[in-house]
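Note on naming: letters A, B, ... go to the chains in the order of the sequence lines (proteins, then strands), and numbering restarts at 1 for each one.
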Number of protein chains: 2
Amino acid sequence: MDSRELRYFVAVAEELHFGRAATRLGIAQPPLSRTIQQLERRIGVTLFDRTSRSVALTTAGEVLLHEGRRALTALTAAERRAQRAGSPRLVLATKPISDGGLLEKILAHYAADPASVEVEVRICSIGEQAVLLREGEADAALLRFPHDDADGFAYEELLTEQDVAVLPRTHRLAARESLTMSDLSGEQFPHWPGFPPNGGPLVRDAAQLMQLIALGRTIALLPESTRHHLRTDLIGVPVTDAPTSTLAIAWPEDSRSRPLAALVEAAVNSAPR
Amino acid sequence: MDSRELRYFVAVAEELHFGRAATRLGIAQPPLSRTIQQLERRIGVTLFDRTSRSVALTTAGEVLLHEGRRALTALTAAERRAQRAGSPRLVLATKPISDGGLLEKILAHYAADPASVEVEVRICSIGEQAVLLREGEADAALLRFPHDDADGFAYEELLTEQDVAVLPRTHRLAARESLTMSDLSGEQFPHWPGFPPNGGPLVRDAAQLMQLIALGRTIALLPESTRHHLRTDLIGVPVTDAPTSTLAIAWPEDSRSRPLAALVEAAVNSAPR
DNA sequence: GGATATGGATACTCTGAAGGTATGGATTCA
DNA sequence: TGAATCCATACCTTCAGAGTATCCATATCC
């Protein structure tokens, strides 16, 4: 199959509207209609049930949307990885607050390796690391289980922490030595992107989250290590029965790059124990 | 990136010769040279070191070959899976001899499910199941670990067996009650495709293997269950310290098809214990 | 060392696929 | 019933991709 056709198909499948999809693709509507028809004819299945008023995916269309997206990201990933293969430099994707204080150690450890190359650290917004890794923009990423998803990646677990409640210092529970989850039952938690809305404010990055907590609009359960770099108007209070999460370094399963292997090793050696 | 360019690149990378690659692609050499030049220019890296006498992959080229092959199979897989999504039918890929006698049970179990759909069984030659699964030709495959590789697939282990030595009845060891690996040290084992040559005859399918064993040209270590359907001129002799192998059913990690889930369940329920 | 062969690059020509505009025809809605 | 919406069709245009002929560099051989 031609990747152009697939890109067009995905656009229509996402918009469920030929006109809008055409605009998004920067072409006129008629050639888009034709291309989709050609695609359907060539592969021999109907992809959309369309009336003159509505467009809906068929079962086959749903499958093609799902698998096709994968194929397209694989395509762009191939290109990006090839581009970056020339320049001897690693890109490490990480979230701003949840590196468990390990990031500096990892970089120092790795830099001590005489064969080390330059490491570019890309601070990502929430959930973005996996995308960067999948699209070949990054060589490795620090992920946090179970929040992040490592399917299709190899990974090494680095450290497991319990969450603490991050509260404004003015919060009624801020002075407590420790809390239990039931103490937090009435609280408003943030709405993480990619998760179902829970009534809380939508949060895209760490600074924004901290600001919202400071304003008393939400509170959050974050890994213990974040306590070391909280703003002065916030406080982290232990929660005895809080969930734990595990920091891991992940990389594309099939990568056989030496510098990457050294970086992973440095990360593992930087982890406690 | 355009999939056409990538296909052209892969052809040249595999042939390391523009003329041959062009022939293979069914086009003339000049447009191929131009397309590769355009690709290099667009992504900004040199993919081949070429003199007027030789063509060699650069590091970036190697990366693109590896990743690009993946992307192309993902592309064809997307198409095949979409094509097959319409017709309610499952394709199960398996090797001819190594189903552990389980295949019939699985099919019977599954057919008993009132919601079951037709199952096409594709008998594969060695190592072909993973390819069929990867390319979207099959919905599930019976694999044998550690011989087969399940990377990128989900799987359930079904049963573990110890290998027996399959010998011609005329073989000097054929009458023995049992053997050890050291008894077999002087024997000629077959050359499995995809493995380094070991001097033995290259074997592509089961019938061929059995024939070669009967002729005394080779012997093989095969799962115990194959003893039930050996030719009468062959015999399977237990080997006390032979390696074990595990039969598993594998499927594309991200498949969410109901009939497939039912088939997997039937397979698990068909397995001993 | 000159003749020959090999193999990728370049110059040019041409065709068809991809894109554009105009419009048709079905459905919804006021 | 008329207007609006939206996908399909008809027809035209353009440029990317394919072809042929040829050049140029290097290896090979007598």
Side-chain angles (χ1 to χ4, degrees), chain A residues 1-62 64-65 68 71-72 75 79 82, chain B residues 1-62 64-65 68 71-72 75 79 82:
Chain A
M1 184 167 37
D2 180 15
S3 59
R4 184 191 59 96
E5 291 176 316
L6 188 54
R7 251 182 287 270
Y8 285 13
F9 164 76
V10 169
V12 177
E14 285 177 354
E15 299 285 344
L16 291 179
H17 189 290
F18 281 76
R20 276 198 300 276
T23 310
R24 189 174 117 186
L25 292 166
I27 63 170
Q29 170 260 317
L32 180 56
S33 287
R34 249 179 321 183
T35 304
I36 300 294
Q37 285 171 35
Q38 282 168 17
L39 177 61
E40 288 181 321
R41 201 143 16 87
R42 236 181 8 75
I43 74 176
V45 289
T46 308
L47 298 170
F48 296 104
D49 285 325
R50 38 195 179 241
T51 70
S52 68
R53 302 297 298 171
S54 74
V55 176
L57 277 169
T58 61
T59 313
E62 275 173 25
L64 188 62
L65 176 58
L72 289 178
L75 215 58
E79 182 172 334
Chain B
M1 181 166 37
D2 181 15
S3 59
R4 184 190 60 97
E5 291 176 316
L6 187 54
R7 251 182 288 271
Y8 284 13
F9 164 76
V10 169
V12 177
E14 284 176 355
E15 299 285 344
L16 291 178
H17 190 289
F18 282 76
R20 276 198 300 276
T23 310
R24 190 174 116 186
L25 292 166
I27 63 169
Q29 171 259 316
L32 180 56
S33 287
R34 250 178 307 153
T35 303
I36 300 294
Q37 285 172 36
Q38 283 167 17
L39 177 62
E40 288 180 321
R41 201 145 15 87
R42 235 181 7 77
I43 74 177
V45 290
T46 308
L47 298 170
F48 296 104
D49 285 325
R50 38 194 182 245
T51 69
S52 66
R53 302 297 296 169
S54 73
V55 176
L57 277 169
T58 62
T59 314
E62 275 172 25
L64 188 61
L65 176 58
L72 289 178
L75 214 58
E79 181 172 333

Under 4.0 Å protein heavy-atom contacts per nucleotide of nucleotides 14-21 of chain C, with B for base, S for backbone only and - for none:
----SBBB
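Here the straight-line distance linking atom OG1 of A:Thr46 with atom CD1 of A:Ile36 works out to 12.5 Å at 0.5 Å rounding. Atoms OG1 and CG, on A:Thr59 and A:Asp49 in that order, are 8.5 Å from each other to the nearest 0.5 Å.
The backbone N or O of B:Gly19 sits nowhere less than 3.5 Å from a side-chain atom of B:Gln29 that would complete a donor-acceptor pair. Using modelled atom types, no side-chain atom of B:Gln38 and backbone atom of B:Glu5 make a donor-acceptor pair closer than 3.5 Å.
First and last contacts of DNA chain D with chain B, using any nucleotide atom under 4.0 Å from a protein heavy atom and ordered 5' to 3', fall at D:dG17 to D:dA27.
Shown here for A:Ala71 and A:Leu6, the closest heavy-atom pair between the two residues is CB-CD2, 4.3 Å. Closest non-hydrogen pair, B:Glu15 versus B:Arg24, comes out as OE2-NH1, 3.0 Å. For the residue pair A:Phe18 and A:Ser33, the shortest heavy atom distance occurs at CD2-OG, 3.5 Å. Here the closest non-hydrogen pair linking A:Asp2 and A:Arg42 is N-NH2, 4.4 Å.
With the nearest nucleotide of DNA chain C identified for both B:Val55 and A:Thr51, B:Val55 has the one nearer the 5' end.
Distance, B:Arg20 CZ to C:dG7 P: 7 Å, rounded to whole Å. Rounding to whole angstrom units, CZ of residue B:Arg41 and P of C:dA9 are separated by 12 Å.
For C:dA9, the OP1/OP2 oxygens have a side-chain nitrogen or oxygen of B:Ser33 closer than 4.0 Å.
Nucleic acid contact for A:Arg53: base, since at least one base atom lies under 4.0 Å from a heavy atom of the residue.
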